[in-house]
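Here the structure comes first, spelled out in structure tokens, and everything after it is commentary.
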Amino acid sequence: MPDIVDITIIGAGVVGLAIASQVARQHRKVYVAEKNETFGQEQSARNSEVIHSGIYYGRDFLKTKLCLEGNDLIYELCENYGIAFNRCGKMFVAVNDLEAEMLEGLYKNGTDNGLPLKMLSQKEMRQLEPNVRGIAAFLSPTSGIVDSYALMKYFLDKARGNGAHIIYKSKVIGIEKVSGGYEVRIDAPSGGTVFTTRVLINCAGLYSDRIAEMAGINIEEANYRLYWGKGEYYSVGGGKNRLINRLVYPVPEPVGPGIHVCLDVNWRLRLGPLFHYVEKIDYKVDDSRKSVFLQSSMVKALPFIEPSDLEPETSGIMAMLYREGEPVSDFIIRHEQDRGLPGFINLIGIDSPGLTASPAIARYVSQLIDEVD
Ligand SMILES: Cc1cc2nc3c(=O)[nH]c(=O)nc-3n(C[C@H](O)[C@H](O)[C@H](O)COP(=O)(O)OP(=O)(O)OC[C@H]3O[C@@H](n4cnc5c(N)ncnc54)[C@H](O)[C@@H]3O)c2cc1C
């Protein structure tokens, strides 16, 4: 490890890797420090793998802008580089009058964001999804599914190909501002290291508020405090995965999109995620919540699902900037120059649709780095 590097990225999740692939190039020393044994073991490996369309938030949200751009970029990458994906589309369904009203609001928000949505008649709904029940529905044709592991592997290979170094089992434990950059202290089983980096990019996901704090930012004043939302999934067995042709979603809930159909590129069917806030990392799925799944709008929309088809499966924990009852926050992607930290770029609260947005986030951050250069 050299004493001085150009760019250090903390975290090898999909966001850190996408940025590394974008900024690595000849004559630039780029390092990615990851505390785990390999890449993508946290949020990026434990999500719904949905390529979102950009429907949920207003036009002025960075989340919307980067999701719309990321949606296009992901399909382009998948087509050009053999990353498994399925542009299967998504049907949003309402199962009662209240949801039908909310569905209209969601449809309007999506069309305001420029999405090619299509409201469906009952006949069209039955033709597209004969096994789905609902009183109103619309189609989002630009939604899809991506193999998140393959996407990360693509970013990793591209970053390495352009000369970036990914150092695993390397936990960042200290950051100090020094002349010309930041001194980064790393704890590793083989012994710790200290080096200086000109640019430091915080992509530490669930721990990105702690990294900001390490660099001297008061996270309460900055509103960078993260809360952890745990989303649990149930697998649906019994060959029922063949009874639907696309993603099926309810109208969104205050925290998250609501329990929905998750399909991976091999058409494995799951329901989830059911979200609640947690204080510690524990991915065990609590089977006592099965009744919530069985009473969900999604199970009402998919009457072919029997209680015995549902088995507790995986969970994922998301880095969120808001608590229950609080309004949804936008992504924070910020060059902290005005806090006296030139060359320090924070990415905090990169929750959903962070997977979809990852290639667009990488472009955005690359422009911020050009400001430093
Ligand atoms: C249940 C769930 C469902 C979701 N569904 C979708 C979806 O369908 N579509 C979508 O677009 N998005 C979805 N998301 C959001 C998406 O998964 C995240 O936005 C994305 O994975 C964030 O990537 P990341 O690289 O920022 O974070 P992570 O993947 O969490 O990566 C952060 C990395 O930083 C490392 N790190 C942390 N601290 C340190 C340290 N001190 N030193 C070194 N390394 C450190 C961690 O080990 C980790 O590898 C979902 C998220 C969850 C949890």
Side-chain angles (χ1 to χ4, degrees), residues 8-20 31-54 56 63 66-67 70-71 74 90 143-146 148 151-152 155 166-175 184-188 200-214 226 228-233 247 249 255-257 259-264 270 272-276 278 281 283 285 313-320 331-333 346-362 365:
T8 301
I9 297 166
I10 306 171
V14 70
V15 173
L17 293 174
I19 295 171
Y31 276 76
V32 181
E34 167 55 55
K35 67 178 168 56
N36 293 330
E37 287 189 2
T38 187
F39 64 90
Q41 297 291 291
E42 304 200 347
Q43 295 175 94
S44 303
R46 295 175 162 275
N47 57 59
S48 304
E49 299 192 301
V50 171
I51 303 175
H52 285 295
S53 60
Y56 289 115
K63 274 183 179 172
L66 296 177
C67 184
N71 178 291
I74 290 216
K90 186 191 283 187
S143 308
I145 306 159
V146 63
S148 54
L151 180 69
M152 285 191 275
F155 288 138
I166 323 291
I167 50 169
Y168 295 123
K169 298 193 213 167
S170 300
K171 182 175 181 179
V172 172
I173 53 165
I175 297 168
V184 179
R185 188 168 296 275
I186 289 200
D187 186 28
L200 182 61
I201 307 175
N202 172 11
C203 300
L206 294 165
Y207 306 92
S208 50
D209 55 346
R210 296 181 195 181
I211 295 290
E213 204 164 33
M214 244 180 238
L226 284 174
W228 291 346
K230 178 174 176 181
E232 297 180 332
Y233 294 89
L247 295 161
Y249 268 53
V255 180
I259 294 173
H260 56 75
V261 159
C262 299
L263 291 160
D264 67 9
R270 297 183 293 161
L274 174 61
F275 273 104
H276 63 284
V278 293
I281 303 292
Y283 292 112
V285 177
E313 206 222 33
T314 51
S315 73
I317 298 178
M318 194 145 79
M320 299 160 83
F331 291 157
I332 291 171
I333 304 181
N346 266 322
L347 289 90
I348 301 180
I350 311 300
D351 54 6
S352 191
L355 176 70
T356 310
S358 56
I361 293 176
V365 170

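Atoms within each ligand, like the ligands themselves, are counted from 1 in listed order.
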Separation of [Y] [atom2] from [X] [atom1] (nearest 0.5 Å):
X: Ile201; Y: Ile333; atom1: CD1; atom2: CD1; result: 11.0 Å
X: Arg210; Y: Ile173; atom1: CZ; atom2: CD1; result: 14.5 Å
X: Asn47; Y: Ser352; atom1: CG; atom2: OG; result: 8.0 Å
X: Leu17; Y: Ile9; atom1: CG; atom2: CD1; result: 8.0 Å
X: Ile350; Y: Leu206; atom1: CD1; atom2: CG; result: 12.0 Å
X: Ser170; Y: Ile10; atom1: OG; atom2: CD1; result: 11.5 Å

**Request:** May I ask whether Phe39 has any heavy atom positioned less than 4.0 angstrom from an atom of ligand 1?
**Result:** no
**Message:** Among residues at least two apart in sequence or on other chains, which ones pass salt bridge (charged side-chain N to carboxylate O under 4.0 Å, His left out) with Lys90?
**Reply:** none
If you compare all heavy atoms of [X] against all heavy atoms of [Y], which two are closest, and at what distance to 0.1 Å?
X: Pro353; Y: His52; value: CB-CD2, 3.8 Å
X: Gly144; Y: Leu247; value: O-CD1, 3.7 Å
X: Val14; Y: Ser358; value: CG2-OG, 3.6 Å
X: Tyr249; Y: His260; value: OH-CE1, 3.0 Å

Report the nearest protein non-hydrogen atom to [atom]: residue, atom name, distance rounded to 0.1 Å.
atom: atom 16 (C) of ligand 1; value: Leu355 N, 3.8 Å
atom: atom 7 (C) of ligand 1; value: His52 NE2, 3.5 Å
atom: atom 4 (C) of ligand 1; value: Asn47 CB, 3.1 Å
atom: atom 31 (O) of ligand 1; value: Gly13 CA, 3.4 Å
atom: atom 9 (N) of ligand 1; value: Val50 O, 2.9 Å
atom: atom 13 (C) of ligand 1; value: Ser352 OG, 3.5 Å
atom: atom 32 (C) of ligand 1; value: Cys203 O, 3.4 Å
atom: atom 37 (C) of ligand 1; value: Ala204 O, 3.3 Å

**Complete:** Check: of Ser44, Ser48, Ser143, min heavy-atom distance to atom 23 (O) of ligand 1 comes from Ser44
**Request:** Counting heavy atoms only, name the option from Lys35, Glu42, Arg46, Glu34 that's nearest to atom 49 (O) of ligand 1.
**Result:** Glu34
Pull out every atom of ligand 1 sitting under 4.0 Å from any heavy atom of [X], numbered as shown with elements.
X: Met318; answer: 50 (C), 51 (C), 52 (C), 53 (C)
X: Val15; answer: 23 (O), 24 (P), 25 (O), 26 (O)
X: Gly354; answer: 11 (O), 12 (N), 19 (O)
X: Ala33; answer: 43 (C), 44 (N)
X: Ile350; answer: 18 (C), 19 (O), 22 (C)
X: Pro353; answer: 10 (C), 11 (O), 12 (N)
X: Gly11; answer: 33 (C), 34 (O), 35 (C)
X: Ser170; answer: 42 (N), 43 (C)

**Asked** So, are Arg270 and Glu49 salt-bridged, with charged N and O less than 4.0 Å apart?
**Response** no
**Asked** Below 4.0 angstrom, N of the basic side chain to O of the carboxylate: do Asp351 and Lys63 qualify?
**Response** yes
Can you find an N/O atom of [X] closer than 3.5 Å to an N/O atom of ligand 1?
X: Tyr207; value: no
X: Ile317; value: no
X: Gln43; value: yes
X: Lys171; value: no
X: Val172; value: yes
X: Gly316; value: no

**Message:** Looking at Tyr233 and Ser48, would you say the former's side chain and the latter's main chain have a donor-acceptor pair under 3.5 Å?
**Reply:** yes
**Item:** Pair Tyr207 + Trp228: ring centers closer than 6.0 Å
**Value:** yes
